[in-house]
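Numbers restart at 1 for each chain; the letters A, B, ... are given by sequence-line order, proteins then strands. Quick caveat: nothing in here was measured; it's all calculated off a predicted structure.
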2 protein chains.
Amino acid sequence: MNKHFRSNCPISSALDIIGDKWSLLIIRDMMFPGKKTYSEFSNSSEKIATNILSSRLSMLEELGIINKGKEEGNKKTNIYSLTQKGKELLPIILEIAQWSDNNLNDHLKDSAKPFVNKFKSNKDEFAKNMYLFFENRKR
Amino acid sequence: MNKHFRSNCPISSALDIIGDKWSLLIIRDMMFPGKKTYSEFSNSSEKIATNILSSRLSMLEELGIINKGKEEGNKKTNIYSLTQKGKELLPIILEIAQWSDNNLNDHLKDSAKPFVNKFKSNKDEFAKNMYLFFENRKR
DNA sequence: ATTATTACTTGCGTTTTGAAAGTTATTGCA
DNA sequence: TGCAATAACTTTCAAAACGCAAGTAATAAT
């Protein structure tokens, strides 16, 4: 149990990594709108500060949740992508979305509803399809 | 969309509430070992500072995730309990535990493994049984 | 009556966050 | 070829949150 982790509890240890207000939002943006560059993350509707974005991206990379690379022919733009470890955060994010849909209903946008309802109706299949979608998304 | 929330995204809004290193740990302690008093929370293996604990408990109460009450015959000890909204955080916590079990395996304690495996084998039934357990836990 | 317990609150130094501006290296365009 | 725009940061600095230690008030136990 190294210095990152408060205890050897699975829940506590996960929260040591993703237990903040920004990490899962970056991952959400990678999963659903398929964002992959610094400036795309920077333009999220939650307006993350650039220094925080920068530190979160390095942290997530260091922890093996995302990869950082380039596309050939472009030396400027960094391409961030989810590792397997990162992709497996999907069920957590989906359960969070469902909880919000059930419990914070008053102020949420409606456009997420069909999405959440589909997830509710068959969670396993929905997740499986999302994983396929991740694989087939054009780069 | 009031001042608490950065956007009207379900995931972002949930993280505005539970997106920190402590809230879900308090809720974990209420769910699994069935903790219900200030001093019990204070003794968790992650050693939360008393001022943080105090502020999280009021925040969670204000947000309708926990209730604060007394038991008859004891004017000293406050009893905290999960509301329905709070209990429904269970699936999120279970998915977090599963993710850790799959991805942080190296440093976790083994005692959680049978628990996580049981969840993996049939998530819906496992969650349903946990909800029943919450109801029947002696006070 | 005294001590212990419970649930805090306060003070204060440290760390993290957040807004804004600045920097460096490409890249697109005239 | 030169210049503006873009991408990805880094720096600065004030404000907020955190975390440790100590203190307090009410109740309960001895």
[X] side chain to [Y] backbone, donor-acceptor under 3.5 Å:
| X | Y | answer |
| --- | --- | --- |
| A:R137 | A:M31 | yes |
| B:T83 | B:I65 | yes |
| A:N43 | A:S39 | yes |
| A:S100 | A:A97 | no |

Worksheet item: Can a salt bridge be assigned to the pair B:E71 and B:K36 using a cut-off of 4.0 Å between side-chain N and carboxylate O?
Response: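 No.
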Item to complete: Decide, yes or no, whether a salt bridge links B:E95 with A:K123 under the criterion of side-chain N to carboxylate O below 4.0 Å.
Response: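 Looking at B:E95 and A:K123, the cut-off is not met.
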Worksheet item: Checking only heavy atoms, does the side chain of A:K76 share a donor-acceptor pair with the base of D:dT6 at less than 3.5 Å?
Response: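 When only heavy-atom distances are counted, A:K76 does reach the base of D:dT6 through a donor-acceptor pair under 3.5 Å.
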Worksheet entry | Heavy-atom closest contact (B:Y38 atom, B:L53 atom, distance) |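 Smallest heavy-atom distance, with atoms named: O-CD2, 3.6 Å.
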Rounding to a whole Å, what distance do you find between [X]:[atom1] and [N]:[atom2]?
| X | N | atom1 | atom2 | answer |
| --- | --- | --- | --- | --- |
| B:E71 | C:dT5 | CD | P | 19 Å |
| B:N78 | D:dT27 | CG | P | 11 Å |
| B:K70 | C:dC8 | NZ | C1' | 11 Å |
| A:N43 | D:dA8 | CG | P | 10 Å |
| A:Y38 | D:dA7 | OH | P | 13 Å |

Fill in: Nearest-neighbour nucleotide for the B:Y80 side chain, D:dA8, C:dT6, C:dC8 considered
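So the nucleotide nearest the side chain must be C:dC8.
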Discussion item. Nearest to the side chain of A:K75, heavy atoms from C-beta on, is which of D:dA8, C:dT26, C:dC8?
Written reply: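 Nearest to the side chain of A:K75 among the choices is C:dT26.
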Practice prompt. Hey, could you give me each pair passing side chain to side chain donor-acceptor pair (under 3.5 Å) that has a residue in residues 49-67 of chain A? Not counting sequence neighbours.
Written response: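 Every pair satisfying side chain to side chain donor-acceptor pair (under 3.5 Å) with a residue in residues 49-67 of chain A: A:D20-A:R56.
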Fill in: DNA chain C contacts made by residues 44-68 of chain B, counting heavy atoms under 4.0 Å
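Of all residues in residues 44-68 of chain B, the ones placing a heavy atom under 4.0 Å from DNA chain C are B:T50, B:N51, B:S54, B:K68.
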Worksheet item: Looking for any heavy atom pair under 4.0 Å, which part of the strands does A:F41 touch: base, sugar-phosphate only, or nothing?
Response: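 Answer is nothing: A:F41 stays at 4.0 Å or more from every strand.
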Worksheet item: With sugar-phosphate meaning primed atoms plus P, OP1 and OP2, does B:T37 contact a base, only sugar-phosphate, or nothing at under 4.0 Å between heavy atoms?
Response: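 Sugar-phosphate, backbone atoms only, no base.
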Fill in: Contacting residues from residues 11-34 of chain B, given that a heavy atom lies under 4.0 angstrom of DNA chain D
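Residues of residues 11-34 of chain B under 4.0 Å from DNA chain D: B:W22.
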Discussion item. With side chain to side chain contact (heavy atoms under 4.5 Å, CB included) as the test, pick out the partner of A:W99 among A:L94, A:L104, A:V116.
Written reply: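 Result for side chain to side chain contact (heavy atoms under 4.5 Å, CB included) with A:W99: A:L104.
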Item to complete: Report yes if a side-chain nitrogen or oxygen of B:N74 is closer than 4.0 Å to either non-bridging phosphate oxygen (OP1 or OP2) of D:dT27; otherwise report no.
Response: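 No, no such contact exists.
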